[in-house]
2 protein chains.
Amino acid sequence: MSLRLIRDAVIDPACPVRDVLDRIGDRWTVLVLNALSTGTRRFTELRRAIPDISQRMLAKTLRTLETDGLLTRTVFPTIPPRVDYTLTPLGDSLLEPLGHLIRWAETSRAAIHAARARAGQVRAARD
Amino acid sequence: MSLRLIRDAVIDPACPVRDVLDRIGDRWTVLVLNALSTGTRRFTELRRAIPDISQRMLAKTLRTLETDGLLTRTVFPTIPPRVDYTLTPLGDSLLEPLGHLIRWAETSRAAIHAARARAGQVRAARD
DNA sequence: CAGGATCCCTTAGGATACTG
DNA sequence: CAGTATCCTAAGGGATCCTG
């Protein structure tokens, strides 16, 4: 038993944690944070780094991250325009706990897939 | 800069991490895991522990967690029926990295809300 | 008690086209 | 280049009713 690490945090009626976790729970935020983990990137660089993101979702995700203060957006008034995205210290500080979670996912992947396969077997045998 | 903790993991085309993170990224999984962090619980106990979850979503979330091998479901063939849910060692092992993330959310909450308020100010001033 | 089945609405998100 | 606007579909998820 893991010492109820998260107990009181989540049950709270106002749920101070959920509005934060809801953000990183979407499909792209983690990937964008990751792509920015090595430093400043431009819009198109991010699109190349995350091949299957649509330009719409990339733009939306970046706006949200900017609004939440996790990255800064720097516009250069040149032609053609150029926009740089950089993690703030706050955004950067998220990479560490996120790394814990991702490493768990990597090491647990095999076990999870095995469990899914077992569940599939059971279902197949029953039907 | 946080040492590119998550880099290679996420960019992978087959994205071994996303199918795992997609699960915990939903609205209820984290809350259910938390409610089970202190030990075995029954269906109704979980509903009480997470007041605003619908029975449908609780059932669905529990099924998914069972399929993924994060918890076990034990049915007692009594009348009325009774079903116990317990985290597996795998499920329990998720509580630790999750705790890191939740503590980050708690400590960062003020900064994020301040950033959102600032963004709101900017928008209000512009319009 | 512990759900399954059904209905319905809202949101996430892709595709495409257009612009400063 | 870096987006915004529009349209559209699929999935998430609530409410309600039914049952072994």
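Note that this is a predicted model, so its numbers are computed, not measured. Heavy atoms only: backbone and side chains are in, while hydrogens, waters and symmetry mates are out.
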**Student:** Does one hydrophobic cluster hold both A:F76 and A:I79, with members joined at side-chain heavy-atom distances below 4.5 Å?
**Tutor:** no
**Student:** Looking across every strand, which nucleic acid part, if any, lies under 4.0 Å from A:R47 by heavy atom: base, sugar-phosphate, or nothing?
**Tutor:** nothing
**Student:** Please report, rounded to the nearest Å, how far the P atom of C:dC1 is from the CG atom of B:L46.
**Tutor:** 14 Å
**Student:** When the distance from CD of A:E45 to P of D:dC1 is rounded to whole Å, what number comes out?
**Tutor:**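 After rounding, the gap between these two atoms is 11 Å.
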**Student:** If the cut-off is 4.0 Å, is A:Y85 near the phosphate of D:dG3, judged by side-chain N/O to OP1 or OP2?
**Tutor:**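 Yes, such a contact exists.
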**Student:** Say whether, by atom type as modelled, one donor and one acceptor occur between the side chain of A:S108 and the main chain of A:A111 under 3.5 angstrom.
**Tutor:**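 Not confirmed, A:S108 side chain does not pair with A:A111 backbone.
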**Student:** Are side-chain heavy atoms of A:I102 and A:N34 found at a separation under 4.5 Å?
**Tutor:** no
**Student:** A:I79 has an atom CD1; how far is it from atom C1' of D:dC1, in whole Å?
**Tutor:** 11 Å
**Student:** Which class fits the ring pair A:H100 and B:H100: parallel under 30°, tilted 30 to 60°, perpendicular over 60°?
**Tutor:** parallel
**Student:** CZ of B:R41 versus P of C:dA2: gap in Å, rounded?
**Tutor:**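 Answer to the nearest Å: 13 Å.
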**Student:** Can you build the contact string for nucleotides 8-20 of chain C? Use B for base contact, S for sugar-phosphate-only contact, and - for no protein heavy atom under 4.0 Å.
**Tutor:** -----BBBBB--B
**Student:** At how many degrees, to 10°, do the end axes of the helix from C:dC1-D:dG20 to C:dG20-D:dC1 meet when each uses five pairs?
**Tutor:** 50°
**Student:** Which atom names give the shortest non-hydrogen contact between B:R23 and B:D26, and what distance separates them?
**Tutor:** O-OD1, 3.2 Å
**Student:** Specify the separation, in whole Å, of atom CZ of B:R42 and atom C1' of C:dA2.
**Tutor:**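 In whole Å, C:dA2 C1' lies 9 Å from B:R42 CZ.
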**Student:** In the structure I gave you, are the side-chain heavy atoms of B:T29 and B:T64 within less than 4.5 Å of one another anywhere?
**Tutor:**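 A side-chain contact is absent here, since even the closest heavy-atom pair is not under 4.5 Å.
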**Student:** Are A:R116 and B:D68 close enough for a salt bridge, meaning some N to O gap below 4.0 Å?
**Tutor:**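 Salt bridge between A:R116 and B:D68, a charged N being under 4.0 Å from a carboxylate O: yes.
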**Student:** Step by step, work out the side chain to side chain contact (heavy atoms under 4.5 Å, CB included) result for B:D52 and B:W28.
**Tutor:** CA-CA 10 Å; B:D52 50 347; B:W28 302 115; 3.9 Å; yes
**Student:** Is there a side chain to side chain contact (heavy atoms under 4.5 Å, CB included) between B:L21 and A:L101? Walk through the geometry before answering.
**Tutor:** CA-CA 8 Å; B:L21 290 191; A:L101 198 64; 3.8 Å; yes
**Student:** Rounded to the Å, how far apart are B:R73 CZ and C:dC1 P?
**Tutor:**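 Rounded to the whole Å, the gap is 16 Å.
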**Student:** Expressed in angstrom and rounded to an integer, what is the separation of B:L31 atom CG from D:dG12 atom C1'?
**Tutor:**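 After rounding, the gap between these two atoms is 15 Å.
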**Student:** From CZ of B:F43 over to P of C:dA2, roughly how many Å is that when rounded to an integer?
**Tutor:** 8 Å
